[in-house]
There are 2 protein chains.
Amino acid sequence: MTTEGGFAAGRGPGQVSIVGAGQVGTMLGMALVSAGPEAGVTEVTVFDREPSVAAVSLERGAAHRTLQRVDEGLEADTIVLAIPVQAILSFLEEYGGRIRPGSFLIDTGSAKVAVVQAMQRRVPRTVHALGGHPMAGTEVPGPGGATPELCRGAPFALVPVRDDPAAIAQGRELVGTIGAVPVEVDAETHDRTVARTSHLPHLVAYAVAGVAREAFARGVAVPSLVSTGFVGATRLAASDPRMVAGFLWANAGEVRRSVAELTGALAELTAAIDDGPERLAGALAGVRAQVRDPA
Amino acid sequence: MTTEGGFAAGRGPGQVSIVGAGQVGTMLGMALVSAGPEAGVTEVTVFDREPSVAAVSLERGAAHRTLQRVDEGLEADTIVLAIPVQAILSFLEEYGGRIRPGSFLIDTGSAKVAVVQAMQRRVPRTVHALGGHPMAGTEVPGPGGATPELCRGAPFALVPVRDDPAAIAQGRELVGTIGAVPVEVDAETHDRTVARTSHLPHLVAYAVAGVAREAFARGVAVPSLVSTGFVGATRLAASDPRMVAGFLWANAGEVRRSVAELTGALAELTAAIDDGPERLAGALAGVRAQVRDPA
């Protein structure tokens, strides 16, 4: 059920093979199944190394059928790698050379330099390979956390692997099919950005949760006073640890730089406390204005 | 319209004077007006130094009438100080000695050692004074952000000022009236706890927002990739800067200790990145389990 003679932009995603039935794979699968044949989506399959996870994803409407083996999906028109970054790299190592010529290959990993370099090394030029990253999701891991409505209007980074306009065109088409907004960006800029807008906030959520837990354990603080603000501030620490570990590890250099910048910003704000509440409020108001208008 | 012969627990809050028509004052006022005469709430008045803010609060149903001058509320049965910590300290300095004997006085500030000490110094023993802190709210400042439903089931810290069982009883009654859960705690434990569960998360939200903004300004990152996760992680930086500055300043010692603990936790997690994604995932999973069960 593959498209004769390969795949070209303007004909839709065709037969789609999603690798990974977690939150991201299920979210994209649900959006693609909804888009349906009118949008050129002829079939969606999903594979997960945990068959029970794939079954839940199928039940949520993320695919027409599940695959038993990951290599059954290598003949699809569109292959979407929706697995943690370290698993994407392993997939490319093992299966990159076996993808059908003319196919469109995209991933959804949150660190792009490592993925794009692996695509350059492992995926033949006959395949239209593209780095991808949907900037939408929840902290709830697994297919149960998938919220396809979040795709609508959300940025979806498209990161070139080679000079391959067809890959970009097909990426734009896929992103348009699910209602997201394509943002073309090079891998380095992507990784520098998400280090600060996503990877650092994740790391900080774990660190804040750890500080509170440690204080509870030492008995210097009492969990009975935990507020809605704390729950919100540590929400990202409920994310899938394998996913978070993957992108922190794959983007370690920029993550370290971001942590250093944060430590500096914290020291500055802490020092400003000595200036008294009026001047401190002024300093905070400056940051607040920026939050409202991040551009 | 004050209660003859002062006020005693078991008769409800009586006539309530709320000082401050921001999010907290409006939230409490709406909950008290809803509770009504059956719960012993005979009248609620609200004062704000900005009359337009008091007017919005009144419109939202947080009071039966507004006061033109703050000292008009000093004769009430119950006085609620719902203003930033620095303003609470100024109020106690100026008006603490003029509160009607037999009244119940409670504040809602997020730093309790400074407030309780000021109450001890400035409020006569004839007044039943108590430190208070409702652990519920949103990051939206002003009366528009008030969400009285958040009171229901939320912890409400009650912090003794003196050995005054009547003050505690009246605090419990007030908290019960709005559907919150009283948590008796000493000022030091409160401040050590909220330093880590609230003040640190606020400071971190400003710092994370500042790091991203700085990267955008330097052109090393692009705001077009900002995700829902970033918006969530920096939400607390949208809070009222005067309120945040007040509690950071009033709880500076514990805030500094918490920042040092966070810097240590960040360094540990950053070092764990070198262990590779599998071991790092294990470390993150440990924190994640704690987040789910903070007690």
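In what follows, chains are A, B, ... by sequence order, proteins preceding strands, each numbered from 1.
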Compare every heavy atom of B:Tyr206 with every heavy atom of B:Ser239, then report the nearest pair and how far apart it is. O-OH, 3.5 Å
Options [options], ranked by heavy-atom pairs under 4.5 Å with chain A, top entry:
options                                : answer
B:Gly219, B:Ala221, B:Pro155, B:Ser198 : B:Ala221
B:Leu262, B:Val183, B:Thr228, B:Val255 : B:Leu262
B:Ala245, B:Pro277, B:Ala267           : B:Pro277
B:Asp274, B:Leu150, B:Val222, B:Asp191 : B:Val222
B:His133, B:His190, B:Gln86, B:Arg192  : B:Arg192
B:Val244, B:Asp240, B:Val181, B:Val220 : B:Val220

Please identify, among A:Ala265, A:Ala207, A:Ser258, A:Ala283, the residue contributing the most non-hydrogen atom pairs under 4.5 Å to chain B. A:Ala207
So which of A:Thr197, A:Val204, A:Leu280, A:Leu269 has the largest heavy-atom pair count under 4.5 angstrom toward chain B? A:Thr197
Would you call the rings of B:Phe216 and B:Phe230 parallel, tilted or perpendicular, where under 30° means parallel and over 60° means perpendicular? perpendicular
Contacting moiety of [X], where chain B heavy atoms sit under 4.5 Å:
X        : answer
A:Glu278 : side chain
A:Leu236 : side chain
A:Arg257 : neither
A:Leu200 : side chain

A:Glu149 and A:Arg152: salt bridge (Lys or Arg N to Asp or Glu O under 4.0 Å), yes or no, with the steps? CA-CA 6 Å; A:Glu149 304 76 44; A:Arg152 201 146 286 281; over 6 Å; no
